[in-house]
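Residue numbering restarts at 1 for every chain, and letters A, B, ... go by the order of the sequence lines. What you are looking at is a predicted structure, and each value in this text was computed from that prediction instead of being measured.
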Amino acid sequence: MKKTVVSLLILFVAFGAIFAAASTEKAATPVAKDSLVIGDKITLTTLSPFVQYSTTGAATYALYEKLAYVESGVLVPQLAYEWTTEDNTTFTIKIYDNIYDSEGNHITANDVVFSYNMTIANGITNFVADIKAIDDYTVQMTLTDPAIGNFETNIGLVNIVSQAAYEKSGDGMATQPISSSIYNVVDFVAGSYVTLTKNENYWQKDESKLSTLQTGKYKTIKFLSVAEPSQQTIALETGTIDVMEIIDKTQIANFTEGGDYADKFTVVPAIGGGAISLFFSGSSDIIAQDKYLRLAIVTAIDRVGFTKVSSQGVSTACEMFGNIMATDAVTYYEKEGGYFPYNVELAKDYLAKSNYKGETLRLLSTTQFETQHLVIQDYLKKIGINVEINAPDLAVFQKTYKDHTAYDFALCSNTVNYNSTFWYKQYFNASGTTRHGWTDPELIAAANLANQPESHTAENVEKVSRLLDDRVYGMGLYIDSKFTVVSNSIQLPENPAVLTLGGYFVPVWAY
Amino acid sequence: MLKYIIKRILWAIPVVICVAVLIFCIMRMAGGDPARQLVGIDATEEEYEAMRAKLKLDDPFFVQLADYLGRLFLKGDLGTSYMTHTAISRDMAVRLPYSLAIGGVSILVATLIGVWLGMQSAIHAGKWQDKLCMVFALGGVSMPKFWLALLLLLLFAVKLQWLPAAGVGGIQFYILPVLANSFHGIASFARQSRSSMLEVIRSDFVITAKAKGLSFREVIYKHALPNALIPVVTMIGTQFAVMISGSIVIETIFSIPGLGVYLTTGINNRDYPVVQSVIVVISIIFCLTMLAIDIAYAFLDPRIKARYTSGKRKVRK
């Protein structure tokens with residue numbers, strides 16, 4: 001026993017010495033790479049083209065091609081080279097006549113129709129009312145709603161594959177997708193990684209027609225699932241991954257100025273994505289008829305402070321109902337004192353004018369907002385409003401959220417893009433009620449008008465914004481910024497494009 | 001013995017059926033709605049209803065249950081994932097080996113090291129070796145898995161760069177997950193084997209063996225250890241099941257595509273077929289493990305073997 005203990009002690013000391021020696025920083029050696037490893041928080045469970053993006057993540061754009069996709073607000077062609085419309089509802093889309101997948105299947109208009117129908121049947125998108133093939137290389141697509149940005153936003157959600165290849169695969173291309181993409185799958189372990197290799201017989205030979213996604217900058221790209229936040233930093237530091245696509249917010253400080261790894265990595269911000277908002281229920285007995293109470297709540301919350309606490313200081317507090325970076329953002333707040341300015345005294349005044357008698361308000365949230373709902377509860381407590389938090393997991397939240405009687409106000413996340421009207425669109429529909437149960441034909445009509453391409457004017461957008469200010473149905477809290485971290489050994493373009501796709505961000509500059 | 005094994009296997013069938021029914025009911029009571037998850041918040045009521053119909057969620061509860069049990073037990077069909085549309089049997093075939101490998105090796109490491117530590121601790125009871133082992137055991141039991149895993153990563157992957165940080169591949173990818181996964185087990189086995197070893201060492205037959213002049217090694221390894229192992233073997237069974245199904249933390253940190261992550265993702269998405277199938281498979285593994293443990297008793301304790309052997313099982317009057 002004594003010998004064993006002495007041996008163990010010697011081992012322990014030796015181990016400590018190795019640890020100490022190894023703690024000296026090793027210099028990073030930039031190497032010209034022909035392969036890239038991208039970390040993704042999404043767990044890659046399938047590679048099927050017709051599933052929710054939560055299962056395929058950033059790899060989707062490298063795995064499949066679309067008719068077109070939006071890059072920096074502009075629709076960029078992939079399989080389609082022309083699209084025309086006269087009424088913003090029916091589009092005639094022409095695709096190249098020389099599209100072949102990696103197995104040599106010729107992709108025609110019928111395959112486009114098949115791919116769209118499969119996507120719609122699986123509940124991934126509902127923007128297409130009808131799609132049909134006019135000839136071998138022309139499809140006619142009718143939208144469910146001609147709202148501005150609808151065509152551009154949704155066309156990039158549909159992966160196009162050959163029907164014959166899909167049916168032949170036997171497992172819905174879950175493990176071995178065959179696509180027209182410039183990358184082919186060579187290795188896939190469900191739940192862990194997928195390795196892609198460049199397709200040397202790529203169908204598009206005309207370099208002038210290649211989009212960012214079709215250039216094939218690397219011979220191989222590997223997508224590795226890295227879900228755990230600390231592991232994301234470790235994987236970057238150890239060189240296990242070259243890029244972490246949408247790093248967890250708790251890790252960003254390691255890579256920004258003053259961080260331990262700031263000199264070895266570059267942080268690339270992504271614009272758009274999710275917005276966190278607070279909405280009042282139109283069915284609430286307490287809230288619905290009491291505008292002063294709603295005003296008290298929105299003026300009692302310091303959005304800047306809330307954003308700092310909730311988002312590790314890296315997101316942007318809302319300065320309007322929507323994205324201030326949007327091309328159609330309203331400008332009148334600058335002159336008129338700002339968007340629901342934080343003012344505790346004013347909030348108390350509003351509360352005094354309201355009918356609030358100390359009832360407990362029900363705040364619906366989810367487990368993903370574990371900090372946010374506590375901060376709101378705290379802000380409101382300061383002015384004397386009692387809040388009870390109901391924060392189930394996302395599945396229960398989604399069900400509860402549809403029942404407007406089940407909460408007084410709710411914290412929710414929604415996609416934002418380049419048009420603030422797109423954001424409005426998510427909250428209102430043509431039936432005359434808002435998503436949260438408010439019946440307001442005037443607001444709905446104004447929102448629908450501002451959403452149409454021909455009437456999408458600054459005046460109409462401002463009208464909606466002013467109506468929202470007046471009604472106080474809710475408040476935008478912050479735009480949830482996302483960041484990709486890239487090793488300095490990787491050559492970054494001057495303006496590295498990071499796209500949003502179904503709520504996820506894709507570092508397309510790397511493809 | 002064979003008769004006993006067959007009997008135990010037959011008993012496992014109603015257990016697995018009960019587990020299947022139970023998890024089916026629990027998932028329906030858990031709240032949330034897979035159809036809503038699939039179509040999203042913005043979908044119209046028509047789209048939502050169409051998805052419910054497609055998933056057969058509108059069928060009466062007992063029709064759904066009968067359909068599920070029929071497919072599972074009569075056709076051996078685990079079903080298809082709502083989210084990924086892939087066959088669950090295929091997914092399980094990919095993921096189960098990772099969980100079994102990590103769980104199996106972890107339990108082996110934990111048992112060997114834990115029992116050795118516990119034994120040394122008992123032999124040197126009250127001395128500094130005992131205290132050292134027990135401090136180690138206490139640390140192991142108290143240390144959260146995720147924290148240990150991150151420490152191991154920092155040392156072996158970041159500082160020393162000896163082992164990969166994440167992913168799957170060669171044997172080097174599994175060293176850290178196994179270490180992190182087994183550490184808690186080592187401590188538990190050490191504590192358990194120490195207490196049972198202490199009990200056995202003080203028993204009459206060990207004192208007799210010592211009095212007969214047997215060597216220390218013979219007394220410990222031939223007489224004391226087999227008797228002290230019985231409660232440890234029981235622990236192996238329960239720990240093995242926990243390590244297979246409950247290693248979600250290890251799988252997440254090391255990006256291992258095992259059953260734990262698959263199950264958790266299924267629960268979050270209310271992917272009923274996935275959750276039901278994983279639980280049923282785990283229950284089968286658990287039943288088989290416990291059977292193996294019971295058989296192992298026979299080899300460790302001749303009295304138990306005698307009871308199992310039907311021909312020699314006689315009632316004394």
Side-chain angles (χ1 to χ4, degrees), chain A residues 1-2 4-5 15 18-19 21-23 26 39 43-46 48 50-52 54-56 121-124 126 171-172 174-175 189-193 222 224-228 230-231 233-235 237-241 392-402 412 414 425-426 429 435, chain B residues 30-44 47-48 50-51 54 81 83-87 90-91 94-95 98 120 123-124 128-129 132 146 149-150 153-155 157-162 164-168 249 251-258 261-262 265 267-270:
Chain A
M1 179 66 190
K2 278 179 188 170
T4 314
V5 172
F15 201 62
I18 293 167
F19 185 86
S23 61
K26 289 183 181 175
T43 306
L44 275 163
T45 47
T46 173
S48 175
F50 309 126
V51 294
Q52 300 285 343
S54 57
T55 56
T56 52
N122 286 338
I124 295 159
N126 58 359
D171 66 351
T175 52
V189 175
S192 184
Y193 67 85
K222 181 177 179 179
L224 177 67
S225 298
V226 188
E228 210 283 322
S230 311
Q231 175 64 287
T233 296
I234 290 169
E237 168 61 5
T238 55
T240 306
I241 55 174
D393 71 354
L394 202 60
V396 176
F397 171 85
Q398 290 199 345
K399 198 174 182 188
T400 314
Y401 189 65
K402 299 295 274 187
C412 51
N414 283 98
K425 186 70 201 159
Q426 292 182 83
N429 59 45
R435 190 201 263 184
Chain B
D33 188 337
R36 178 62 66 195
Q37 289 278 105
L38 283 167
V39 298
I41 282 178
D42 291 322
T44 62
E47 287 160 348
Y48 167 67
M51 186 55 78
K54 186 180 170 186
S81 162
M83 292 298 288
T84 62
H85 314 298
T86 50
R90 186 198 65 99
D91 290 349
V94 173
R95 288 165 184 274
Y98 290 109
Q120 295 304 326
I123 292 167
H124 301 93
W128 66 269
Q129 294 97 324
L132 188 71
F146 75 90
L150 290 175
L153 269 174
L154 286 173
L155 176 60
V158 179
K159 295 289 180 191
L160 301 171
Q161 300 190 358
W162 287 352
V168 289
V249 174
E251 289 174 12
T252 307
I253 290 177
F254 294 101
S255 302
I256 294 165
V261 171
Y262 190 53
T265 312
I267 293 169
N268 289 338
N269 292 330
R270 298 297 187 271

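- Contacts of B/Tyr262 with chain A are absent, with no heavy-atom separation under 4.5 Å from either backbone or side chain.
- Counting all heavy atoms, side chain and backbone alike, B/Pro257 lies closest to A/Ala190 at CB-O, 3.0 Å.
- Summarising the geometry, atom CG belonging to B/Leu150 is positioned 10.5 Å from atom OG1 belonging to A/Thr233; distances are rounded to the nearest 0.5 Å.
- Remark: A/Asp171 CG to B/Arg90 CZ distance equals 5.5 Å, nearest 0.5 Å.
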Is there a side-chain contact (heavy atoms from CB on, under 4.5 Å) between A/Thr46 and B/Asp91 once you walk through the steps? CA-CA 9 Å; A/Thr46 173; B/Asp91 290 349; over 6 Å; no

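- Pairing each heavy atom of A/Gln231 with each of B/Leu153, the nearest pair is NE2-CD1, 3.5 Å.
- By the 4.5 Å heavy-atom criterion applied to side chains, A/Thr45 and B/Arg95 are counted as neighbours.
- Once rounded to the nearest 0.5 Å, the distance linking CG of B/Leu154 with CD of A/Glu237 reads 9.5 Å.
- Both the backbone and the side chain of B/Ala166 come within contact range of chain A, each with at least one heavy atom under 4.5 Å from a heavy atom of that chain.
- Looking only at side-chain heavy atoms (C-beta outward), B/Val168 and A/Tyr193 come within less than 4.5 Å of each other.
- Both the backbone and the side chain of B/Gln37 come within contact range of chain A, with heavy atoms under 4.5 Å apart.
- For the pair B/Arg36 and A/Lys399, the tightest heavy-atom approach, listed with the atom from each and the gap, is CG-N, 4.5 Å.
- Within the 4.5 Å cutoff, no side-chain heavy atoms of B/Arg270 are placed close to those of A/Leu394.
- A donor-acceptor pair is defined here as one N or O able to donate and one able to accept, closer than 3.5 Å; such a pair exists between the side chain of B/Ser255 and the backbone of A/Ser225.
- A donor-acceptor pair under 3.5 Å is absent between the side-chain atoms of B/Gln161 and the main chain of A/Thr238, judged by distance alone.
- Top candidate by heavy-atom pairs under 4.5 Å with chain A, chosen from B/Ile253, B/Leu38, B/Val94, B/Thr86, is B/Ile253.
- Here the CZ atom belonging to B/Phe146 is positioned 8.5 Å from the OG atom belonging to A/Ser230, to the nearest 0.5 angstrom.
- Using a 4.5 Å cut-off between heavy atoms, B/Ala149 makes no contact with chain A at all.
- Looking only at distances, no side-chain donor or acceptor of A/Glu228 sits under 3.5 Å from a matching main-chain atom of B/Thr252.
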